[in-house]
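Residue numbers start at 1 and run along the sequence shown. Just follow the structure's listing: the first ligand is 1, and inside any ligand the first atom is 1.
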Amino acid sequence: MIEKTVVELASALSTGSVSSVELTRAFIDRITTIDTQLNAYITVDEQEALKQAKEADEARARGAHSPFLGVPIAHKDLFCTQGTKTTCGSKMLQNFVSPYDATVVARLKDSGAVTLGKTNCDEFAMGSSNENSFFGPAYNPWGKNRVPGGSSGGSASAVAADLCAIATGTDTGGSIRQPASFCGVTGLKPTYGRVSRWGMVAYASSLDVGGPLAKTAHDAAVMLNAIAGHDPKDSTSVAVSTEDYTQSLDAPLTNLRIGLPRQYFSQDLDPRVAAIIQETARNLENLGATLVDIDLEKSTLSLPAYYVIAPAEASTNLSRYDGVRYGYRCEDPLDLEDMYTRSRTEGFGNEVKRRIMIGTYALSAGYYDAYYKKAQRIRRLIKQDFSKAFENVDAILSPTSPFTAFELGAKKDPVSMYLEDIYTLGVNLAGIPGISIPAGFINGLPIGAQLVASDFREGLLLNIAHQYQQNSDWHKQKPSMPMGV
Ligand code: GLN
């Protein structure tokens, strides 16, 4: 039962062939035996999960219905959960318990979901491998000693290994799509502002967005239905009306134009990755789509622009962790200055400190115009590049990541890690939606295809992804547990 999709579980629960308590128990048993290998969870709240499951069963007995009623899910540990720790993968928030639920969490609860626990992630979502977590790395179920990707690595690993039915993640520069690619699951990054950021701990406020890591595009649509929509508590959430994202899943792909950016298929791309994405393109063509070569001329500028803007925003967002209001406080401070300095020195990990330093530098007087303002101008050009492309095509297809999951410790210098995100960063800078779907394997490791569309066309992305999944079975492959080679 635990290997089933949300849609299948919802139907099993509604016919009474399983209860939420039984299902929740089964997931907890699986977590207890398997998660010692994966470290996908930072916190599992067994009692709370079973209590919620019991309430869901009782509600159902009283005649209640909702898409997630009794379905066990997990949240990236960047979403605030009332009564359960929210650590952000950091020593700084090791013991932090939020007094409120994030809007995403509250909406899923309202939809009946049972929260199993909080998943591992890179500290404050900074990273591409989950190796930056204070709680130790999460592992990829597809290969021994392989990273699950990051920063939502725990969520991707948990979904792939059936440690939850579906999970939330956050995506600032690729953190939903890249781990989805590495772990062979479906990951959707919605349009910026489509999903409320309230209670989602901020990394880079103009880029962050929450979304699902799921077994199928259909499940991702079901979760998006629950979490999308305007939230008066988040001034950057948009008042554009939502749709029922399951409605368009079955639309045929005829008349769709799908662009293949020349710049993404350059000489440097691993030919095995290129071949898989070309094959995906041909499959979409067989389903009725028309393939078009396009240009995204500014795409090489995404990486430098992102690594100015994201650290700049992070440096201001993370200034709130000062040892005074909440989070870690050093022992026996000599004075206020010493408390600030040591609390931050001891509470943050190396990558977070690196980002704070880069960001503070880029924002400092005298450098602001040279770095931050320039990066913002480049951001506009990248957005224009995409807008121009969408005059001719409905969606853009590319690899999600240039590689499959690498071994822990393989990427020693930060810049080689930053290169992980070359295909995903531009999408965040432009604020548009993107999805990663399982598209094949290289040496037994999954590889994802990324589809991107213009603002608020999540419905189209889910439609293409669903049609592809109706005609392929990459997303149905399961890693062998305990982990193989
Ligand atoms: N890997 C990118 C970074 O480290 C993106 C992370 C994210 O999307 N949260 O910033």
Side-chain angles (χ1 to χ4, degrees), residues 75-79 88-90 104 119-133 137-138 147-156 167-183 187-192 195 197 200-213 302-315 317-318 348-359 362 375 379 400-403 405-406 411 413-436 448 450 452:
H75 289 295
K76 182 178 185 178
D77 208 8
L78 212 74
F79 286 95
C88 297
S90 181
V104 162
T119 56
N120 205 346
C121 57
D122 284 301
E123 186 175 6
F124 288 104
M126 297 175 195
S128 307
S129 67
N130 221 296
E131 291 167 288
N132 297 335
S133 169
V147 304
S151 62
S152 314
S155 288
T168 55
T170 68
D171 195 312
T172 304
S175 279
I176 289 178
R177 290 158 288 157
Q178 186 254 19
S181 174
F182 278 19
C183 291
L188 174 73
K189 174 231 175 271
T191 309
Y192 179 78
V195 172
R197 292 188 299 116
M200 191 179 103
V201 176
Y203 163 12
S205 311
S206 76
L207 300 162
D208 298 342
V209 59
L213 287 118
S302 297
L303 194 104
Y306 175 88
Y307 278 101
V308 170
I309 294 169
E313 294 183 10
S315 71
N317 274 327
L318 270 58
F348 288 136
N350 286 345
E351 186 59 29
V352 171
K353 285 179 194 158
R354 182 178 294 117
R355 307 280 177 113
I356 292 173
M357 284 191 283
I358 296 171
R379 182 176 188 172
T400 304
S401 163
F403 318 106
F406 46 88
K411 303 224 183 261
D413 76 297
V415 177
S416 74
M417 190 71 90
Y418 298 170
L419 283 167
E420 260 307 304
D421 306 315
I422 50 169
Y423 300 123
T424 51
L425 297 173
V427 173
N428 297 74
L429 290 169
I432 54 183
I435 193 167
S436 179
Q450 174 178 248
V452 176

- Message: Does any part of the side chain of Arg379, heavy atoms only, come nearer than 4.5 Å to the side chain of Ile309, both counted from C-beta?
- Response: yes

When the ring planes of Tyr307 and Tyr418 are compared, do they come out parallel, tilted or perpendicular, using 30° and 60° as the limits? parallel

Those residues with a heavy-atom separation under 4.0 Å from ligand 1 are Ala125, Met126, Gly127, Ser128, Ser151, Asp171, Thr172, Gly173, Gly174, Ser175, Tyr203, Tyr306, Tyr307, Arg355, Asp421

For Phe403, the side-chain contact (heavy atoms from CB on, under 4.5 Å) test, sequence neighbours excluded, returns Ser401, Lys411, Glu420

*Heavy atoms, side chains only, cut-off 4.5 Å: are Met417 and Glu131 in contact?*
yes

Sorted by chain and number, sequence neighbours left out, side-chain contact (heavy atoms from CB on, under 4.5 Å) with Ala125 holds for Lys76, Leu78, Ser151, Thr170, Tyr203

Applying side-chain contact (heavy atoms from CB on, under 4.5 Å) to Glu123 and not counting sequence neighbours gives Ser90, Phe348, Val352

